[in-house]
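The structure appears below as structure tokens.
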Amino acid sequence: MPAYVREQAFDPWREVSEFQARELPAGRFGACASFVGTMREFNEGDDVRAMTLEHYPGMTDKYLEKLIDEAKARWPVLECLVVHRVGPMGPGDPIVLTAVWSAHRAAAFEACRYLMEELKHRAPFWKKETLAAGDERWVEQNTPG
Amino acid sequence: MPAYVREQAFDPWREVSEFQARELPAGRFGACASFVGTMREFNEGDDVRAMTLEHYPGMTDKYLEKLIDEAKARWPVLECLVVHRVGPMGPGDPIVLTAVWSAHRAAAFEACRYLMEELKHRAPFWKKETLAAGDERWVEQNTPG
Amino acid sequence: MSITVRYFASLRERLGLDEEQLETEGLQTVADLRRRIAGLRELPERTLVAVNQEYADPDHPLKDGDEVAFFPPVTGG
Amino acid sequence: MSITVRYFASLRERLGLDEEQLETEGLQTVADLRRRIAGLRELPERTLVAVNQEYADPDHPLKDGDEVAFFPPVTGG
């Protein structure tokens, strides 16, 4: 299934490129929209040194696959790919990738954004930040957009 | 400048990946939205065997750079990249890449789509298709979305 | 009737508890279970609930062997 | 006053003409030039115009040495 949780660092564009070569028939798709979320070294005005992403194994996969099913039901998309990192990571590390392939561009753009917004609002992941001074805090909520 | 016209086939995800490594300071950006338009083997109900993209050298670069300036003025984006193929190509070949980096996701998504829509409606490129039977035709207009 | 209860993220840390088995005779719904647990421990109002790894409403019925998870608003992506 | 006129894509092919130099004494604007050319050749209504590689309105003034391009609706991306 095209939703993956990764405990190691991943290269999002290699994932997109390899997934496309493996799963998409050349010539059938005209559009691929993708989004990569990357760890920043700042959040809510503070310097962030490191982060740990917790998730709910089992529920996570199920939820991401449900999102992909929803996107496929709402837009004429050919394929979707979602990859999400968990565990400890540092600034500059990719956290999440969503990619959508379709014949025409509107479906790809809209479904890609839908996947990201739904993932942010509902998928069972939680971020804990380590600030510059060494203290830790759980992120209380995501930015609105 | 981050707008390029290419006469050879290009790998869009390698472009994004290398541009990011070269131009974006790790940890400053949290979002990268990108779009890749790829040549389909069908259009308006017909099988398409090959395509040639004509452009207006000089005006093209200027226009793509103007679009990037507009996107940077409208959204808090850190960097934009646009690559467009010209010349003869075949089904499955990438035609266009737009990518936008920003701190938060809304700006990246919106500016990326803006670049693509404006490029499609105004940038001086023209497609000529070779159909399965060998006859050629100019594409009269782009799909609405 | 026995239910596995799991806690995640800041809630898990605050309670110092990852998972527990609760005997839940007389409890019909998620809301019942939530009230029972709120009597034992501090459960913030914005806590979300999943039953068998899917989001569940307060009136979702419980049955023996269910896995019920409590967790704070999510912050992935 | 001399102007370089360029044609692109289907218009270039239909006219069998890539580029020409026109003597344009008495022409003030893009609209004047367009009328002059429409008298010589078939110019579809939806033809777009750029002066010195930027889109130009009909009332855009012309000057000696300008490069004026005529082309059909664009279809890139």
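Keep in mind the model is a prediction, meaning the values are calculated, not measured. Note on naming: letters A, B, ... go to the chains in the order of the sequence lines (proteins, then strands), and numbering restarts at 1 for each one.
- B/Arg14 CZ: 12 or fewer foreign heavy atoms inside a 6.0 Å radius.
- Note on B/Glu54 versus D/Arg12: salt bridge recorded, some NZ/NE/NH1/NH2 to OD/OE distance being below 4.0 Å.
- In this structure, D/Tyr55 and B/Met59 have side chains that are in contact, with non-hydrogen atoms separated by less than 4.5 Å.
- With hydrogens and angles disregarded, no donor-acceptor distance shorter than 3.5 Å links the side chain of B/Lys128 to the backbone of D/Ser10.
- Applying the 6.0 Å contact sphere to CD of B/Glu7 captures no more than 12 heavy atoms from other residues, nucleotides or ligands.
- Counting heavy-atom pairs closer than 4.5 Å to chain D, the top residue among B/Lys127, B/His121, B/Lys62, B/Arg85 is B/Lys127.
- Residues B/Trp126 and D/Thr75 meet the side-chain proximity criterion, which asks for heavy atoms closer than 4.5 Å.
- Interface residue D/Ala50: only side-chain heavy atoms are found under 4.5 Å from chain B.
- Here D/Ala9 is the residue among D/Pro73, D/Ala9, D/Ala69 with the most heavy-atom pairs under 4.5 Å with chain B.
- Contact of B/Arg122 with chain D is made through backbone and side chain together, with heavy-atom distances under 4.5 Å.
- For B/Lys120, the parts sitting under 4.5 Å from any heavy atom of chain D are the backbone and the side chain alike.
- The aromatic rings of D/Phe71 and B/Tyr56 stand perpendicular to each other, their planes meeting at an angle above 60°, with 30° marking the opposite boundary.
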